[in-house]
2 protein chains.
Amino acid sequence: MTEREHPLTPDAIRLIATIAEAGSFAAAARALGKVPSALSYSVRQLEEALDVLLFDRASRSAVLTPAGRELLNEGSRLLLEIDAVASRVKRVASGWEGQLAIAANALMCPHTLLDLVDAFYAQRDTARLPPPTRIRLRQEVLSGTWEALLSGAADLAIGVDADDTRNTGLQVMPLGDIRFVFAVAPHHPLARLPEPLDPAMIRMHRAVAIADSALRLSPVTRNLLPGQDVLTVPTLDMKIAAQLRGLGCGFLPEARVRPHVERGELVVKRTAEDKVAQFAIAWRSGAQRGRALDWWLQQLDSPRTRAALLEGVAP
Amino acid sequence: MTEREHPLTPDAIRLIATIAEAGSFAAAARALGKVPSALSYSVRQLEEALDVLLFDRASRSAVLTPAGRELLNEGSRLLLEIDAVASRVKRVASGWEGQLAIAANALMCPHTLLDLVDAFYAQRDTARLPPPTRIRLRQEVLSGTWEALLSGAADLAIGVDADDTRNTGLQVMPLGDIRFVFAVAPHHPLARLPEPLDPAMIRMHRAVAIADSALRLSPVTRNLLPGQDVLTVPTLDMKIAAQLRGLGCGFLPEARVRPHVERGELVVKRTAEDKVAQFAIAWRSGAQRGRALDWWLQQLDSPRTRAALLEGVAP
DNA sequence: CGCGATCATTCAAAAAGTTTGAATGATGAT
DNA sequence: ATCATCATTCAAACTTTTTGAATGATCGCG
């Protein structure tokens with residue numbers, strides 16, 4: 001004898017809902033084109049399997065018990081989810097990925113990323129439904145973007161270091177450059193010194209750096225001079241905030257701090273050499289390419305979108 | 001002919017999961033005590049109903065298609081939810097409410113409320129499960145607590161004004177008193193004046209009041225002298241913060257501001273008369289009393305718990 | 001390359017589950 | 001008190017699922 005089948009089927013839930021709505025077994029039977037005894041039989045099967053009375057039998061009309069009402073409430077929600085799963089399975093069968101994980105370098109403009117997510121979900125197919133693919137957006141710092149891609153935690157990486165050569169099994173296309181400037185608060189001692197700043201003078205002041213989000217590295221930073229004090233923060237925004245408060249000095253993406261510079265809240269100081277970093281987009285080439293990844297790669301192929309990611313200019 | 005039944009039943013999902021886990025229809029059939037053709041028939045029914053191929057038929061072993069994998073993932077989650085609903089329906093049948101809405105006066109100590117919620121959910125029955133009742137905790141100000149109860153939005157009200165007589169269809173039991181003190185920041189002008197404070201002097205300074213959360217009232221406040229300027233804030237914490245900053249003056253619950261007074265951050269000034277408010281607990285007596293409401297009323301029957309609610313002392 | 005074991009699928013027959021229709025007792029409206 | 005409508009029970013009929021046999025395909029092994 002095989003395992004007993006689960007009684008809480010979508011049709012069982014719909015039956016309870018229909019009876020409750022119709023007010024009686026007889027009325028529900030008429031609505032369903034069945035005879036009342038068929039409903040009586042099915043409800044009894046469900047009640048016996050759950051070991052719970054769903055309808056009050058003392059009354060002639062169909063009155064739900066508290067448990068019956070609970071089943072009605074929770075069951076209605078379940079039906080919606082079951083329909084959603086069925087719909088989603090059909091969509092995946094049509095070529096969409098179930099989910100797409102995107103690792104974005106923290107230097108990428110978050111507004112532009114969210115604009116892209118918005119545009120992705122604004123798509124409508126012939127059934128007027130958005131793509132079924134669940135986008136998982138994650139933000140990484142420094143080598144964390146590569147890390148997420150190589151480890152399989154991400155399918156697409158936006159803003160990987162173009163000079164990094166760890167690209168086995170990946171496809172890469174250029175994204176563009178980000179120009180960095182050395183910035184301090186107006187009341188910071190370095191703000192008053194002549195340009196270009198002497199490295200020895202820089203070393204005497206605390207740097208503000210972002211902790212690398214790469215999983216296996218201990219918190220380590222870049223662009224630090226040997227022996228320099230350092231304040232480590234988790235995000236670029238906090239780095240900017242710290243430097244605005246004069247808590248330290250360091251390089252910041254020029255586009256992101258331009259408004260602060262224009263308002264006199266930060267001072268840009270030239271250093272011995274300009275600092276420009278080159279970025280790229282990378283994705284795993286092994287797995288079959290779905291429609292969601294296709295769409296994102298197509299968007300990222302646009303110079304305008306790339307510029308927006310790098311500079312924070314709306315596309 | 002009646003409407004076609006929904007194909008995504010719990011047993012259908014389990015079947016797909018069993019085949020995927022076993023690696024072949026034949027192995028799954030052996031595991032289920034059935035013949036392979038029964039599985040072949042059921043899978044085909046499901047695939048035809050969804051109009052989706054779930055298994056790759058080119059291979060002899062059972063390989064899921066992307067859609068099949070999606071069904072497996074989402075279906076596993078659905079099964080857990082379906083089981084949870086069945087379990088919950090059984091629990092409700094045993095006397096627990098599906099949910100219990102509690103409206104607490106903002107003057108009640110939030111930590112004590114959360115302690116009670118913790119203790120409620122820490123209960124375990126013979127099946128080692130917590131109560132199935134979902135607690136909906138809401139915070140109200142002034143007559144909002146009564147309002148929530150009378151309107152049916154809440155089943156239990158903690159901290160209703162004992163002097164309010166709108167208790168038709170409700171049961172009430174006393175909770176206790178809250179002593180209020182008139183407090184200002186040390187640098188506030190009223191801080192330097194002799195006691196008891198002259199009402200004319202109080203009227204010349206802005207009061208800080210909390211907006212009444214009662215639904216149908218326009219924002220109106222209590223304990224204001226005619227013609228007095230008033231800053232209205234949404235919460236007691238913000239009222240305290242505003243008064244700490246010297247933004248205004250007014251009555252505050254003595255227990256809640258005692259630490260600030262002890263640290264010299266607020267100054268208590270005597271006024272023409274002491275202010276003590278009496279509070280009560282009320283619940284709707286019409287509906288049958290479930291085990292969750294029973295539990296809460298039992299807890300609130302304790303003088304120690306009441307004191308904790310009023311004074312912020314841990315029970 | 002040939003052979004044997006195992007696989008999935010098809011199909012007729014059998015078994016199990018659901019529905020029908022008749023009968024019965026109960027309830028509510030008049 | 002009477003009548004219409006209700007839910008339930010049960011045997012018969014209908015529908016769905018499972019079985020067992022047959023078939024063609026695939027994979028591993030010698």
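In what follows, chains are A, B, ... by sequence order, proteins preceding strands, each numbered from 1. Only heavy atoms go into these numbers, but all of them, side chains included; no hydrogens, no water, no symmetry mates.
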* **Nucleotide D:dA7, atom P - distance to CD1 of A:I19 in whole Å** => 9 Å
* Asked: Under 4.0 angstrom, heavy atoms only, what part of the nucleic acid is B:S42 near: base, sugar-phosphate, or nothing?
  -> sugar-phosphate
* The side chain of A:F25 lies closest to which of these nucleotides: D:dT19, D:dA7, C:dG17? -> D:dA7
* **Salt-bridge contact A:R291-A:D294 (side-chain N to carboxylate O under 4.0 Å)** => no
* **Length of the CG-C1' vector between A:L39 and C:dT18, whole Å** => 12 Å
* **Proximity to the side chain of A:V35 - top-ranked nucleotide from D:dA7, D:dT19, C:dT19** => C:dT19
* Asked: In whole angstrom, what separates A:Q45's CD from D:dT8's P?
  -> 13 Å
* Asked: Base, sugar-phosphate, or nothing for B:A26, non-hydrogen atoms under 4.0 angstrom?
  -> sugar-phosphate
* Just how far, in rounded Å, is C1' of D:dT26 from CG of B:D56? -> 14 Å
* Asked: Which distance, rounded to the nearest 0.5 Å, do you find between the CZ of A:F279 and the CD1 of A:I158?
  -> 13.0 Å
* Side-chain N,O (B:S40) to OP1/OP2 (C:dT9) below 4.0 Å -> yes
* Could you tell me whether the phosphate oxygens of C:dT18, OP1 or OP2, come under 4.0 Å of any side-chain nitrogen or oxygen in A:R44? => no
* **Rounded distance [0.5 Å steps], CD1 in B:I281 versus CG in B:N105** => 11.5 Å
* **Below 4.0 Å: OP1/OP2 of C:dT9 and any side-chain N or O of B:R57** => yes
* Asked: When the distance from CD of A:E47 to C1' of D:dA7 is rounded to whole Å, what number comes out?
  -> 12 Å
* Asked: C:dT18 phosphate, OP1 or OP2: any side-chain N/O from A:S37 under 4.0 angstrom?
  -> no
* Asked: How far does CG of A:L78 sit from CG of A:D83, to the nearest 0.5 angstrom?
  -> 11.0 Å
